[in-house]
Structure formats: structure tokens, C-alpha cells
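Contents: one structure, followed by commentary.
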Amino acid sequence: MSGGIYKCLSEIAGRITDNKDFLTELDRAIGDSDHGINMARGFSAVMEKVTPEDTDIGAALKKAGMALLSKVGGASGPLYGTAYMEAGKVLAGQTELTPENLKAAFEAAIAGIQKRGKAQRGEKTMLDAIIPAVEAYSQVIAAGVDMNTAMEAACSAAREGVEYTKTIIATKGRASYLGERSLGHQDPGATSALMTLEAIRDSLKE
Ligand code: ADP
Ligand code: MG
């Protein structure tokens with residue numbers, strides 16, 4: 001990752017901000033129309049905290065997690081905040097991403113989201129993008145293939161996961177109040193998770 005963690009977080013912030021209206025539109029259908037607003041607010045707080053001088057990946061992710069926890073209302077703030085904090089713990093003191101430490105960070109992020117939100121795969125949440133993505137990533141790495149290829153596989157799996165959320169009923173979060181009426185709609189959090197993974201993929205490539 002040539003541009004470092006600052007570059008990576010900037011890439012995520014940019015993608016989320018560019019898609020703010022789209023994410024909010026998705027949340028209008030099955031939630032309360034704030035997911036894009038929440039995420040854009042959170043990432044503007046993240047970009048106020050991190051600087052190009054941040055080279056310790058773990059420390060930067062911790063700052064990002066704290067910014068998300070404190071600035072994002074709604075379910076997604078604490079969940080993404082915890083994900084970044086937990087990934088940051090795994091990467092504390094690291095200045096380079098490797099196939100293995102990135103895998104460990106992804107797994108810690110998932111564990112954090114699940115500990116906080118008590119959701120499983122198949123409940124129409126961000127986990128339906130992230131869990132299959134990390135599984136796909138891990139398979140490619142286990143086969144001895146490089147990180148860029150693994151991130152491509154992760155993004156494809158996350159994209160499929162987002163599509164899958166259209167076919168299932170929400171059983172966690174606000175969308176669960178809709179029951180069957182949540183069918184046919186893609187989950188906003190799964191969509192922002194896909195965007196995050198795509199941003200990580202792109203920042204690794206550069
Ligand atoms: P809120 O639902 O409080 O308005 P947001 O709109 O910002 O918060 O975020 C909604 C997204 O949060 C959902 O699309 C879903 O992906 C995710 N989410 C909600 N509850 C959970 C949970 N328990 N575990 C994982 N993700 C969840
Ligand atoms: Mg919402």
C-alpha cells in the first residue's frame with residue numbers, strides 16, 4: 001500500500017461521500033433515510049483526525065473508529081466504529097499491510113460487528129457483504145495468490161452479497177420492522193461495506 005493508511009482512509013471517505021445520496025436513497029426504502037448522511041458525516045470526522053503523517057496503521061484505524069463511534073448516530077456508527085477499532089488492535093504498530101495481517105484485521109472487524117450487533121449472516125445487514133468477502137479473500141490468500149487478486153475476489157463476493165440482501169427479509173436493525181416489505185430492497189449497510197472494500201482494493205493497487 002504505497003500511499004499508506006491515510007490514502008486508504010481517504011479513498012474510503014471519498015467513495016462514501018460520492019455515494020452519500022445513493023446510500024440515503026437505499027435507506028429511504030427500508031429504513032429512515034439517513035445511512036448516507038451518517039456515513040458521510042462519520043468519514044468527514046475521520047478525515048479531520050487522520051493525517052498523511054499517520055504511518056502506524058493500527059493507530060490510524062483506532063482514530064478512525066473513535067471518530068465513527070462519536071460522530072455517527074444510528075446503528076451503523078457503533079458497528080463500523082467497532083470494526084475499525086478491532087481491526088486497529090490487530091494492526092497496532094504495523095506500517096505495512098500483508099496478506100496475513102489484513103486477513104486477521106478483517107476477521108477481527110467481523111467479530112467486533114457481531115459482538116456489538118448480535119447479527120448473523122442472512123439477516124440482511126452489512127455482514128452479508130463482509131463475511132463472504134473475507135471468506136473469498138482468505139481462500140485466495142490460502143492458495144498462495146497475491147493480495148490484489150484476493151481483494152478482487154473479496155469485492156466480487158461482497159457484490160454478490162449485496163444482491164443476495166435483495167432476496168431476504170431483514171431480521172436486525174430498523175429494516176426488520178418492515179418484515180416481508182423489506183424484500184426486494186438492497187441493504188444500505190451491505191452497500192456501504194461493498195464500497196469500503198472497493199476503496200481498500202483500489203488503494204492497495206495504486
Ligand atoms: P439506522 O438503522 O440506525 O438508521 P444506518 O441507517 O446508518 O442506521 O445503518 C443501517 C444499516 O446498519 C443497515 O443497512 C444494516 O446493514 C446495518 N445494521 C443494522 N443493524 C445491524 C446489526 N445488528 N448488525 C450488523 N449490521 C446492522
Ligand atoms: Mg438509517
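These numbers come from the heavy atoms of this one structure, side chains and all, not from hydrogens, waters or symmetry mates. Read the numbers this way: they start at 1 and go in the same order the structure lists the ligands and their atoms. Note that the coordinates shown come from a computational prediction; the quantities given were computed from them, not determined experimentally.
One finds no salt bridge joining Glu100 and Lys103 here, because no Lys/Arg side-chain nitrogen approaches an Asp/Glu carboxylate oxygen to under 4.0 Å.
Close N/O approach between Asp34 and ligand 1 is found [any backbone or side-chain N/O within under 3.5 Å]. At under 3.5 Å, a nitrogen or oxygen of Gly117, whether backbone or side chain, sits near a nitrogen or oxygen of ligand 1. Checked by distance only, ligand 1 and Gly189 come closer than 3.5 Å through their nitrogen or oxygen atoms. Geometrically, ligand 1 and Lys118 share no nitrogen or oxygen pair separated by less than 3.5 Å. Checking only distances, Met126 does come within under 3.5 Å of ligand 1, N or O to N or O.
Heavy atoms of Asp27 found under 4.0 angstrom from ligand 1 belong exclusively to the side chain. When non-hydrogen atoms are compared, ligand 1 lies under 4.0 Å from the backbone of Ala75 as well as from its side chain.
Judged by distance alone, the side chain of Thr24 and the main-chain N or O of Ile37 form a donor-acceptor pair under 3.5 Å. Looking at Asn19, its side chain never comes within 3.5 Å of a backbone N or O of Ile16 through a donor-acceptor pair. Checking side-chain atoms of Lys124 against main-chain N and O of Thr165 turns up a donor-acceptor pair under 3.5 Å.
Given atom 7 (O) of ligand 1, the protein heavy atom at minimum distance is Ser76 OG, 2.6 Å. Ranking the protein heavy atoms by distance from atom 26 (N) of ligand 1 puts Thr125 CB, 3.3 Å first. For atom 22 (C) of ligand 1, the nearest non-hydrogen atom of the protein is Leu79 CD1, 3.8 Å. Nearest non-hydrogen protein atom to atom 15 (C) of ligand 1 is Asp187 OD2, 3.5 Å. Of the protein's non-hydrogen atoms, His35 ND1, 3.2 Å is the one closest to atom 9 (O) of ligand 1. Of the protein's heavy atoms, Asp32 OD1, 2.9 Å lies nearest to atom 4 (O) of ligand 1.
Nearest heavy-atom pair across Ala105 and Leu91 is CB-CD1, 3.6 Å.
Within Asp32, the N/O/S atom positioned nearest the Mg ion (ligand 2) carries the name OD1.
Proximity annotation for atom 24 (N) of ligand 1: of Gly173, Ala119, Gly77, Ala119 comes nearest, heavy atoms only.
Asp34 contributes OD1 and Asp27 contributes OD2; the angle these two atoms make at the Mg ion (ligand 2) is 80°, rounded to 10°.
Ligand 1 has no atom lying under 4.0 Å from any heavy atom of Gly31.
The structure places CD of Glu152 at 4.5 Å from NZ of Lys205, a figure rounded to the nearest 0.5 Å. Between Ile200 atom CD1 and Arg15 atom CZ the span is 10.5 Å, to the nearest 0.5 Å.
Checked by atom type, the side-chain pair Tyr80/Thr196 shows no donor-acceptor distance below 3.5 Å.
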